A.B. asks: 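Got a structure for you, written out below as C-alpha cells; questions coming shortly.
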2 protein chains.
Amino acid sequence: MGCKRKAKRILQTAERLFASGRFHEVTLDQICQEAGVGKGTIYRYFDDKEDLYFQVILTGLDELVESMRQVREQVDDPGEGLRKAACRVVEFYRKRHALFRLMHTEQIRGSDRKGQMWQKWHTRHQAMLDVFADFVRMGIESERYTARLSPEAIARLIGGMLRSGLRNEDEMPGGDEWPAVVVELLESGLLPRENGETS
Amino acid sequence: MGCKRKAKRILQTAERLFASGRFHEVTLDQICQEAGVGKGTIYRYFDDKEDLYFQVILTGLDELVESMRQVREQVDDPGEGLRKAACRVVEFYRKRHALFRLMHTEQIRGSDRKGQMWQKWHTRHQAMLDVFADFVRMGIESERYTARLSPEAIARLIGGMLRSGLRNEDEMPGGDEWPAVVVELLESGLLPRENGETS
DNA sequence: CAATGAATACTGACTGGTCAGTTCTATCCC
DNA sequence: GGGATAGAACTGACCAGTCAGTATTCATTG
C-alpha cells in the first residue's frame with residue numbers, strides 16, 4: 001500500500017519523457033534516473049513499460065474529463081458552454097503540453113492487453129467529447145441551432161479544430177481568445193439563417 | 001541503374017506495416033519478408049530504418065500535395081474550391097488509410113537528421129494547407145468572407161476538422177458528402193451576417 | 001549468337017549493441 | 001523491526017545494420 005508518492009513521481013517523469021520522444025526512444029533507466037527512484041520501484045507500481053505508458057495517458061485524460069464535466073454542470077447556455085469547454089481543453093493542454101503530444105500521438109490497435117488499454121482511452125476521450133456534444137444537443141433542442149450533422153459529429157469537429165489550434169498556437173490570435181473565436185466561428189454556422197443558403 | 005521496382009515494393013510494404021504498428025513494433029525483417037526482398041536490399045535504397053520511414057511519409061505527402069494543387073488551378077470560386085479541396089484530401093486518405101494514420105502519428109522533434117526530415121514534412125504539409133488558405137484569402141479579398149482569423153489559421157482548422165472526420169468516418173453522414181458539409185458549416189461562419197451577432 | 005567478364009543488384013546468416021525486466025543486498029525511514 | 005526502496009549487476013531476447021557471397025544484367029568480342 002505505502003504512499004503513492006513514488007508512483008506519482010514516476011508518472012510525472014514518464015509523462016515528460018514519453019512526450020519528448022517516441023516510445024522506443026525512452027528507456028526505463030532514463031525514467032527511473034530522472035525520477036530519482038530505483039528501477040525496481042517502477043515494477044512495484046507498474047506491470048511493464050507499456051503499462052506505465054498507458055497509465056500516464058489515462059490518468060492525464062481522467063483529469064481533463066473531470067474538469068470538462070464541471071463545465072457541463074456549471075453552464076446552461078449552449079454557446080457559453082461550448083466556449084468555456086473549449087477554453088478548458090486548451091488551458092489544460094497548454095499547461096501540460098507533454099500530455100497533449102502524448103495523447104494525440106495516436107497509437108495503434110491491438111487485440112491483446114494493449115487493445116483493452118486503447119479501449120479505456122477511447123472511453124475517456126468520448127466522455128470529453130460528450131460534453132461538447134451535450135451543449136450542441138442542448139442548442140438544437142432549444143431550436144437555437146440547426147445542424148445537418150449530429151451533435152457527436154460536431155463535437156468531433158470542434159475537437160479537431162482545437163487540436164489544430166493547439167499545435168500551432170503561435171499562428172492563432174491573442175492568448176486565451178482563440179478557442180472562443182474558433183467555437184464562435186463554428187457556432188455561427190449552426191445558427192439558422194433566413195436569407196441565402198451557402199451553396 | 002536498374003528499375004526501382006524493389007524500392008517501390010519496399011515502400012508499399014513499409015507503408016502498410018508502419019501504419020499497423022508503432023515504429024519499434026515493426027521490424028525490418030518483417031518488412032523485407034513481406035516485401036519479398038532481402039534485408040540488404042532495403043539498405044541499397046534507404047539509409048536506415050528511420051530514412052525508410054520518412055520516405056514513406058514524404059512520397060505519400062508529395063502525391064497529395066500534387067493532387068491539391070490541381071484543384072487550385074482548376075477552380076475559381078472560393079466555396080467550390082474549399083469543398084473540392086476537402087473532398088480531395090478525404091478521398092486520398094480514404095484510399096490510403098495506412099498513410100493517413102502514419103501521417104498524423106505525430107512523431108517528435110530532434111535537431112539532427114531527423115529534424116531535417118520533419119522540416120521536409122512540414123513544408124509539404126504547409127503546401128497542402130496553403131491550398132485551403134488561398135481559397136479563403138480569395139474569398140476575403142472578393143469580400144465574400146469576413147474573418148477574425150487569418151486564412152492560414154482557418155486552413156488549419158479545416159485540416160483539423162477533416163482529420164477528425166476521417167478518424168471516425170462511420171459517424172459522419174453519407175459517403176462523399178460529409179467533407180462538403182463540414183466545409184459549408186465553417187464557410188457559413190465566414191459569411192458576413194447583417195443581423196444579431198453570435199455572442 | 002554464344003561466350004566472356006565486369007558491374008551491378010541482391011540475399012540472408014551473422015554480429016554487436018541495446019534494453020526490458022529480474023534479482024539481490026545494502027539502506028532508509030516509519 | 002520490518003516493509004519499502006535504491007540501484008548495481010545480470011540475463012536473455014531482440015533487432016538494426018553488415019558483409020561475404022550469389023545471382024542477374026548487360027556490354028563486349030570473336
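When reading the values below, keep in mind they use all heavy atoms of this one structure, side chains included, and skip hydrogens, waters and symmetry mates. Values in this document were obtained by computation on a predicted structure and should not be read as measured data. We name chains A, B, ... by the order of the sequence lines, and we start the count at 1 in each one.
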A.B. asks: Looking at dT5(D), I'd like to know if its phosphate oxygens (OP1 or OP2) sit under 4.0 Å from a side-chain N or O belonging to R44(A).
C.D. replies: yes
A.B. asks: What is the distance from CZ of F46(B) to P of dC10(C), rounded to the nearest Å?
C.D. replies: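 Computing the F46(B):CZ to dC10(C):P distance gives 12 Å.
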A.B. asks: Rounded to the Å, how far apart are F23(B) CZ and dC19(C) P?
C.D. replies: 13 Å
A.B. asks: List the protein contact pattern of nucleotides 22-30 of chain C with one symbol per nucleotide (5' to 3'): B for base contact, S for sugar-phosphate-only contact, - for none; contact means a heavy-atom distance under 4.0 Å.
C.D. replies: B--------
A.B. asks: With a non-hydrogen cut-off below 4.0 angstrom, is T41(B) in contact with a base, only sugar-phosphate, or nothing?
C.D. replies: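 T41(B): base contact, heavy atoms under 4.0 Å.
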A.B. asks: Once ring pair (Phe, Tyr, Trp, His ring centres under 6.0 Å) is applied, what residue pairs with a partner in residues 61-95 of chain A remain, sequence neighbours excluded?
C.D. replies: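 Checked against ring pair (Phe, Tyr, Trp, His ring centres under 6.0 Å) - neighbours excluded - the pairs reaching residues 61-95 of chain A are Y93(A)-F100(A), Y93(A)-H104(A).
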A.B. asks: Between dT18(C) atom C1' and K49(B) atom NZ, what is the distance in whole Å?
C.D. replies: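 Atom NZ in K49(B) sits about 13 Å away from atom C1' in dT18(C).
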A.B. asks: Taking only residues two or more places apart in sequence or in another chain, which ones pass side-chain contact (heavy atoms from CB on, under 4.5 Å) with E73(A)?
C.D. replies: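 Counting only residues at least two positions away or on another chain, E73(A) forms no side-chain contact (heavy atoms from CB on, under 4.5 Å).
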A.B. asks: Output the rounded distance in Å from CG (D29(B)) to C1' (dG12(C)).
C.D. replies: 9 Å
A.B. asks: Write down the distance between CD (Q33(A)) and C1' (dC19(C)), rounded to a whole number of angstrom.
C.D. replies: 15 Å
A.B. asks: Tell me the interatomic distance from D48(B), atom CG, to dG16(C), atom C1', rounded to whole angstroms.
C.D. replies: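 Roughly 17 Å, once rounded to whole Å.
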A.B. asks: Please set out all donor-acceptor pairs under 3.5 angstrom arising from side-chain atoms of residues 175-183 of chain A, sequence neighbours excluded.
C.D. replies:
{"from": "D176(A)", "atom 1": "OD1", "to": "R94(A)", "atom 2": "NH2", "distance (Å)": "3.1"}
{"from": "W178(A)", "atom 1": "NE1", "to": "E169(A)", "atom 2": "OE2", "distance (Å)": "2.8"}

A.B. asks: Just to verify, what does K8(B) make a side-chain contact (heavy atoms from CB on, under 4.5 Å) with, not counting sequence neighbours?
C.D. replies: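 Partners of K8(B) by the side-chain contact (heavy atoms from CB on, under 4.5 Å) criterion, ordered by chain and then number, come out as Q12(B).
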A.B. asks: Counting only pairs under 3.5 Å, give me each side-chain donor-acceptor contact of residues 132-141 of chain A, with atom names and distances, residues two or more places apart or in other chains.
C.D. replies:
{"from": "D134(A)", "atom 1": "OD1", "to": "R137(A)", "atom 2": "NH1", "distance (Å)": "2.8"}
{"from": "D134(A)", "atom 1": "OD2", "to": "R72(A)", "atom 2": "NH1", "distance (Å)": "2.3"}
{"from": "R137(A)", "atom 1": "NH2", "to": "E152(A)", "atom 2": "OE2", "distance (Å)": "2.4"}

A.B. asks: Which class fits the ring pair Y53(B) and F23(B): parallel under 30°, tilted 30 to 60°, perpendicular over 60°?
C.D. replies: perpendicular
A.B. asks: Roughly how many Å is it from NZ in K6(B) to P in dA23(D), rounded to a whole number?
C.D. replies: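 Going from NZ in K6(B) over to P in dA23(D) covers 14 Å.
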A.B. asks: Grab the OH-P distance between Y45(B) and dT8(C) for me, whole Å please.
C.D. replies: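 Computing the Y45(B):OH to dT8(C):P distance gives 13 Å.
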